[in-house]
Amino acid sequence: MFSLFYGLWKYVFSKTEFHVLILGIDKAGKTTLLEKLKSLYSNVEGLPPDRIVPTVGLNIGRVEASNTKLVFWDLGGQSGLRPIWEKYFEEAHAVIYVIDAASPSRFEDSKSALEKLLRHEDLQGAPLLIVANKQDLAGAVSVDELSRYLDLKELDERQHMFEAVCAHDGRGVKQGIDWLVEVMQRSKRTERLRIRAGVSGP
Ligand SMILES: Nc1nc2c(ncn2[C@@H]2O[C@H](COP(=O)(O)OP(=O)(O)OP(=O)(O)O)[C@@H](O)[C@H]2O)c(=O)[nH]1
Ligand SMILES: [Mg+2]
């Protein structure tokens, strides 16, 4: 009986495409992370860091992880571009929020952009992976320090995880994605999005 349900469950998720927004302020390392995700999870080699330029439009990456189709949407983080983010909120299953852990002078900006996003009704119930990026740099803070700094009460009501990552060499990326896939599969938001799209199962 268990294997029947498990098979059905796996079947439903092999059909579902999860939309994951990659957000964060400019220079946090979002596009570098997206390109690393492509290299790690698809047979397309992502761009090397020295070929990545600041994002103005939208970068898309499609990969398959743990038998699940993931579509990443990477948007520009410059302050003038942040108002565009909310256009993608409604359709997103989850958010990866990237922070440059080696730039404390930008933590305030990063925190307030995250705060806004957490308060937005179109993102209600979306699981959140907070990436403490650039762990290869000497000044990078740990996830504990970053979480203490952010100290956001809005996080208490949301499924979230902090992950120490280096988008250059890929460390920490798989752990974060494994967690994200698992929580997206079980989240009420995924169920709501599936019903809205008219997909009720096989
Ligand atoms: N040392 C180090 N540098 C990184 C890492 N990830 C990204 N960078 C560098 O940080 C800079 C900004 O990276 P991007 O990926 O363009 O940042 P972004 O968040 O996409 O920036 P916008 O598109 O402007 O929003 C580049 O010089 C990257 O090479 C990392 O893990 N370690
Ligand atoms: Mg970018």
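Both counts, for ligands and for their atoms, begin at 1 and track the order of listing. All figures in this text were calculated on a predicted structure; none of them were measured in a lab.
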Within 45 degrees of the axis of the six-membered ring of Y41 and under 6.0 Å from its centre: does K174 put its NZ or CZ there? yes
Evaluate the criterion side chain to side chain contact (heavy atoms under 4.5 Å, CB included) for residue pair V98 and I22; output intermediate values, then yes/no. CA-CA 7 Å; V98 184; I22 305 181; 3.9 Å; yes
More than 12 heavy atoms of other groups within 6.0 Å of [X] [atom1]:
X    : atom1 : answer
R192 : CZ    : yes
K111 : NZ    : yes
Q124 : CD    : no

Can you tell me if, anywhere in T31, an N/O/S atom lies at a distance from the Mg ion (ligand 2) that is smaller than 2.8 Å? yes
Can you tell me if an N/O/S atom from T55 lies under 2.8 Å from the Mg ion (ligand 2)? yes
I'd like to know if the side chain of R82 and the backbone of G77 have a donor-acceptor N/O pair within less than 3.5 Å. yes
Set of residues that line ligand 1, where lining means a heavy atom lies under 4.0 Å from it: I25, D26, K27, A28, G29, K30, T31, T32, P49, I52, P54, T55, G76, G77, N133, K134, D136, L137, C166, A167, H168
Polar side chain donor-acceptor pair, T68 to Q185, under 3.5 angstrom: yes
